[in-house]
Amino acid sequence: MKGVIVQCLNQLIEERFSKEIWKQIMIDSKLDPDTVFFGHHDINDAVIMEVVGNVCKNLNISLEDAANAFGDYWVNVFAKKHYFAFFISSKTARQFLEKMDQVHVKITETVPNAHPPRFKYETPDNNTIIMLYESKRGLIDFLVGLAKAVGTYYKEDIEVTKLDANKIKIVFK
């Protein structure tokens, strides 16, 4: 994964909790507590998952809660500053979510060694999309959190349900 993921997680923990908790998470992950992650650097997936596991341990929260908090922070704070062009090109949560595969295609073309997830879409009715998540990482819970946060960003009432390890259902109310 790219270091930008850990950068975002670091900022989230330090802003919403404390620098001391972040340092403890790093120590528990067997990393130097003063490590600086750069967005374009490649970070081993196992290292990031160790950090996420230690976030859950240190904050006494579930992976689902961590994924929801990360999704909210990524969409409504971090990405809004760094990737604002993707937000202004969509007027609704649905438009934004339906463009995510295109965004990830652009990322793989412009960022060396990027391997973001890919998405396919099904539309069972006018108010629902099914997002099929294609990634070897198995981070569907993070997709759920991110999709919920997109609803928050666009001030829309949406319901996000994990259907299985590779699929979520989003209902636009």
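FYI, side chains are in, hydrogens and waters are out, and symmetry mates aren't considered; it's all heavy atoms of this structure. Quick note: residue numbers are just sequence positions, from 1.
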Without placing hydrogens or testing angles, list every side-chain donor-acceptor pair under 3.5 Å for residues 162-173, not counting sequence neighbours.
unit_1 : atom_1 : unit_2 : atom_2 : d
Lys162 : NZ     : Asp141 : OD1    : 3.0
Asp164 : OD1    : Asn166 : N      : 2.8
Asp164 : OD1    : Lys167 : N      : 3.0
Lys173 : NZ     : Glu159 : OE1    : 3.1

More than 12 heavy atoms of other groups within 6.0 Å of Asp32 CG:
yes
Atom NZ in Lys23, atom OG1 in Thr35: separation rounded to 0.5 Å?
9.5 Å
Residue list, side-chain contact (heavy atoms from CB on, under 4.5 Å) with Asn44, at least two apart or on another chain
Ala46, Val47
Check ring pair (Phe, Tyr, Trp, His ring centres under 6.0 Å) between Phe78 and all other residues, then give those that pass, not counting sequence neighbours.
Trp74, His82
Quick check on the hydrophobic clustering: are Val55 and Leu63 connected, directly or via other members, by side-chain heavy-atom contacts under 4.5 Å?
yes
I'd like to know whether Val52 forms a side-chain contact (heavy atoms from CB on, under 4.5 Å) with Phe142, so could you lay out the CA-CA distance, the side-chain angles of the two residues, the decisive distance to 0.1 Å, and finally the verdict.
CA-CA 11 Å; Val52 169; Phe142 285 86; 3.9 Å; yes
Under the criterion side-chain contact (heavy atoms from CB on, under 4.5 Å), I'd like the reasoning laid out for Arg94 against Thr123: C-alpha separation, chi angles, the key distance, then a yes or no.
CA-CA 11 Å; Arg94 184 178 186 136; Thr123 52; 3.5 Å; yes
Any donor-acceptor pair under 3.5 Å from Glu50 side chain to Ser29 backbone
no
Is any side-chain heavy atom of Leu9 closer than 4.5 Å to a side-chain heavy atom of Trp22?
yes
Who are the side-chain contact (heavy atoms from CB on, under 4.5 Å) partners of Lys80, not counting sequence neighbours?
Tyr153
What one should report as the nearest heavy-atom pair of Glu14 and Lys19 is CD-CG, 3.6 Å
Between Phe119 and Tyr133, what is the ring plane arrangement, given parallel below 30°, perpendicular above 60°, and tilted in between?
tilted
Do Ile43 and Ile25 belong to the same hydrophobic cluster, where Ile, Leu, Val, Met, Phe, Trp and Tyr are linked whenever their side-chain heavy atoms lie under 4.5 Å apart, directly or via other members?
yes
Quick one: does Met26's side chain get under 4.5 Å of Asn10's, heavy atoms only?
no
Apply side-chain contact (heavy atoms from CB on, under 4.5 Å) to Arg16 and list each qualifying residue two or more places apart in sequence or on a separate chain.
Leu12, Asp72, Tyr73, Val77
When every non-hydrogen atom of Ala66 is compared with those of Cys56, the smallest separation belongs to CB-SG, 3.8 Å
For Met131 and Leu97, the nearest pair of non-hydrogen atoms, with its separation, is CE-O, 4.0 Å
With rounding to the nearest 0.5 Å, note down the distance linking CG in Leu139 to CE in Met49.
5.0 Å
Would you check if Phe17 and Asn58 make a side-chain contact, meaning some heavy-atom pair closer than 4.5 Å?
no
Can you see which heavy atom on Ile27 is nearest to which on Pro33, and at what distance?
CG1-CG, 4.0 Å
Main-chain N/O of Ser89 paired to Lys99 side chain as donor or acceptor, under 3.5 Å
yes
Find out if a path of hydrophobic residues (ILVMFWY) with successive side-chain heavy-atom gaps under 4.5 Å connects Val150 to Tyr121.
yes
Sequence neighbours excluded, the answer for side-chain contact (heavy atoms from CB on, under 4.5 Å) partners of Asp45 is Met1, Lys136, Arg137
I'd like to know whether Thr152 forms a side-chain contact (heavy atoms from CB on, under 4.5 Å) with Val75, so could you lay out the CA-CA distance, the side-chain angles of the two residues, the decisive distance to 0.1 Å, and finally the verdict.
CA-CA 9 Å; Thr152 301; Val75 170; over 6 Å; no
So, Thr128 versus Asp125: side-chain donor-acceptor pair below 3.5 Å or not?
yes
To the nearest 0.5 Å, how far apart are NZ in Lys57 and CD in Gln24?
7.0 Å
Would Leu146 end up clustered with Ile61 when hydrophobic side chains under 4.5 Å apart are linked, directly or stepwise?
yes
For a 4.5 angstrom cut-off between non-hydrogen side-chain atoms, does Ile140 reach Leu143?
yes
